[in-house]
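A, B, ... follow the sequence lines: proteins, then strands. Residue 1 opens every chain.
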Amino acid sequence: MDMELTGEQRLLVDAVETLGARWQTMPPGHERDYAHYEANLQFALADGGFLRAGLDMGMLEAALVAIEVSRLPVVTSVGASALVSAALTGDVPAGPIAIVSGDWHKAQRMLSVANHAIVLRDDRALLLDLADVAIEPVGSVYAYPYGRFVAEPDWAAAIPVGDAATLRQWARVAIACEAAGATQAAIALTVDHVKQRFAFGRAIGSYQAVQHRLAQCHQIARAMRFLALHAAWSGDATGADVAATYAQDHVNKLAFDLHQFSGGMGVTCEYQLHFFTYRLRALQGEFGGADGAATGVFDRLWSSAA
Amino acid sequence: MEFAWTAEQQAYRSHVRGALDDLLPDDWDSHYAPQGYGSADQINFSREFCPKLAERGLLVRHWPAQWGGESADPWEQFILAEEMKWRGEPRGPQYMNVNWLGPVLMKYGTPEQQNEHLGRIRRGEVIWCQGYSEPGAGTDLAALQTRAEPKGNGYVVNGQKIWTSYSRLADFCFLLARTGPGRKDISIFLVPMNTPGIEVKPFPGLVGEGHLNEVFFTDVEVPGSARVGEEGKAWDIITYALSFERVGIPRYHVGKKLLDKAIAQLAHEGRGDDPIIKARVGRIVAKFEAARLLTYVVVDQRAKGAGPSVDANISRITASEACTDLTNFLMEYVPDCLTTGDPVLREFHRGNIAATIAAGTYELQLNLIARGALDLPRGN
């Protein structure tokens, strides 16, 4: 048991951080977007081999990449491309990849920018090449791009790439990783704000009512991170459900507290908070949300209870 | 980062489990465990059990060889603690002795104090209590009013402690008393509980039977040789001791066992497939697992020789929240646990009523996290 990064893992995280440094702030012209997919970063991650970390180093390392990239305000397909795709049977596309589940005509996260989709249909996982599939963007305040199929795709053209349960497990780990990174960034932004923003003659971060809730947020962020990393390391379905349960269950508190302490600034698009909190909001309900994941935990641990 | 246990650690865990199977009586689970480790039965049982544990080299294995241990790393200490907690902590109050009291004496005690006390602790034959809280000083420990006035080569102690677990059966008290006018002019004394002038009065409470006691000190004469560290310099020692105590009990480790009991009962009542219960329980499991990993962060830091960190406070509140969620769940879905239901669930509930208060309140932990992890400014 060693809870610190190894030298190799530290180098990996540092390299991702260095790569992402130029996207710490939004690119010119996108400062007031609801979401901005950054194709150049997606390419750089793929080109640098970071999205192959799951295949070349291990799923824990892929999770570290996903968490680190998710601290940036710009969006990439990192959870799906680094983690979920590594669990595919057969060839792994370079991405960007979207995970598609549920009704085909509903909006799907990342579908408008993806070149492949991992489709979870019934008990099968299919890989769908999107090159010739008509997709239209769907606008929203979520901090991910969304798209939907214009017509029902030809599922027969998709390649079987595994069972849906396994891919859903890794999608939950990806949710936990992206949530952990976004939470860390949102807290850092808010902590910086409450140190600088004065009210009634004091920094609002000096009020205990604010401090206690931010301390709780910090504790949540730490827990999310370690649960996500543990789930990736173990490859265990219960671990994936536990990590997703914890992450999705705490989004309400995080979104409320971090927006509350950011005040009016937090509801403007020029301030970066929404890039993180509305990413959390998007992740919150996926794959059944906290209730779905928590039910999965119960069923795995107490399958014979009924 | 590596989450796997080594083969040696797995073997050690099996060894500890085997020892517990050997040493615990047949009626341990039915008679002793449900009473809690503040009960007279468990305290007295620890006087039989801990010497046997010591004979097997399992009581102070993590202590340095100089003091009779084997310098086992903190991971082994925690594996042992997890297995003890799983069975209901048969070490009783002696978990304190080996986890923090002994290490405090090794670091701050005089050679005479070390010789007098470490051997007894190592052999598992002594019960200690902590003379910390007072009617006007709990989390704000520096507000304590019990005084130790110099007299000859020693001191005379007058004052009152309260909530003092184990004190009615304890042999010694790790006593905090004021020795000067300044807020933190506090000293620590190692006081035999049979010293004339000490009176213990148990009183009933919501937590387990026998936990709550008042301890009165009336003209209690204590030799100067009983003082730990310099006069008025106890604060560093207290901080050191509390950093052990805050993550000393692996509360996360019993979550699954208690949920097993609750779910078995619910299934028996035909509610084992209730989707609301499933979603609720899954969330509690997630919180216990979070507490486990965040506690391992602290253990890892100790194993690498790092000093106390804010991660101990983070671990503490995570475990507290998980336990609170579980007690709330029991009240809503297994309410008979406080009446005719499973006594182990009842004891868990009662033992956790004060889990967010003892060893520094939940709110104090948040203060420390706000400063230590987020560097938030102090108020005026």
Give the member of A/Arg225, A/His250, A/Gln9 that has the highest number of heavy-atom pairs under 4.5 Å with chain B.
-> A/Gln9
Bottom line for A/His218: the part with an atom under 4.5 Å from chain B's heavy atoms is side chain
What about the rings of B/Tyr296 and B/Trp75, do their centers lie closer together than 6.0 Å?
-> yes
If only atom types and distance count, is the side chain of B/Thr327 paired as donor or acceptor with the main-chain N or O of B/Thr324 below 3.5 Å?
-> yes
Quick one: which of A/Thr6, A/Val194, A/Leu229, A/Val210 has the most heavy-atom pairs under 4.5 Å with chain B, could you say?
-> A/Leu229
Residues of residues 284-293 of chain A near chain B, each having a heavy atom less than 4.5 Å away = A/Ala290, A/Asp291
Under 4.5 Å to a heavy atom of chain B? For A/Val297 that would be side chain
Can a donor-acceptor pair be found between the side chains of A/Arg281 and A/Asn252 at a distance below 3.5 Å?
-> yes
Would the B/Trp86 and B/Tyr252 ring centres measure less than 6.0 Å apart?
-> no
Engaged part of A/Leu214 at the chain B interface, taking heavy atoms whose separation is under 4.5 Å | both
Between the side chain of A/His259 and the main-chain N/O of A/Gly266, is any donor-acceptor distance below 3.5 Å?
-> yes
Looking only at side chains, do B/Arg371 and A/Gln211 share a donor and an acceptor under 3.5 Å apart?
-> yes
Polar side chain donor-acceptor pair, A/Gln216 to B/Tyr362, under 3.5 angstrom = yes
Ranking B/Lys304, B/Arg292, B/Arg280, B/Glu289 by heavy-atom pairs under 4.5 Å to chain A gives rank one to B/Lys304
Proximal component of B/Leu259, with respect to chain A [non-hydrogen, under 4.5 Å] | both
Given A/Asp236 and A/Arg300, is the salt bridge (charged side-chain N to carboxylate O under 4.0 Å, His left out) satisfied, shown in steps?
-> CA-CA 11 Å; A/Asp236 171 58; A/Arg300 290 177 207 289; over 6 Å; no
Heavy-atom nearest pair, A/Leu83 first then A/Cys177, reads CD1-SG, 3.8 Å
Honestly, the part of A/Tyr207 sitting under 4.5 Å from a heavy atom of chain B is neither
Where does B/Glu363 contact chain A at under 4.5 Å (heavy atoms): side chain, backbone, both or neither?
-> both
Highest number of heavy-atom pairs under 4.5 Å with chain A: which of B/Ala290, B/Pro377, B/Ala291, B/Pro275?
-> B/Pro377
Residue among B/Ile369, B/Val281, B/Ile284, B/Leu366 with most heavy-atom pairs under 4.5 Å to chain A = B/Leu366
What part of B/Leu294 gets closer than 4.5 Å to chain A, counting heavy atoms only: side chain, backbone, both or neither?
-> side chain
Of the listed residues (A/Ala223, A/Ala203, A/Ser234, A/Ala244), which shares the most heavy-atom pairs with chain B below a 4.5 Å separation?
-> A/Ala223
Picking from B/Thr6, B/Asn367, B/Ile317, which has the most non-hydrogen pairs under 4.5 angstrom with chain A?
-> B/Asn367
Which pair of heavy atoms, one from B/Trp63 and one from B/Pro103, lies closest together, and at what distance?
-> NE1-CD, 4.1 Å
What part of A/Glu4 lies closer than 4.5 angstrom to a heavy atom of chain B: side chain, backbone, both or neither?
-> both
Would you confirm whether B/Gln77, through its side chain, and B/His62, through its main-chain N or O, come within 3.5 Å as a donor-acceptor pair?
-> no
May I ask you to decide if A/Asp2's main-chain N or O and B/Asp300's side chain share a donor-acceptor pair within less than 3.5 Å?
-> no
Using modelled atom types only, decide if a donor and an acceptor are shared between the side chain of A/Arg202 and the backbone of A/Ser206 within a distance under 3.5 Å.
-> yes
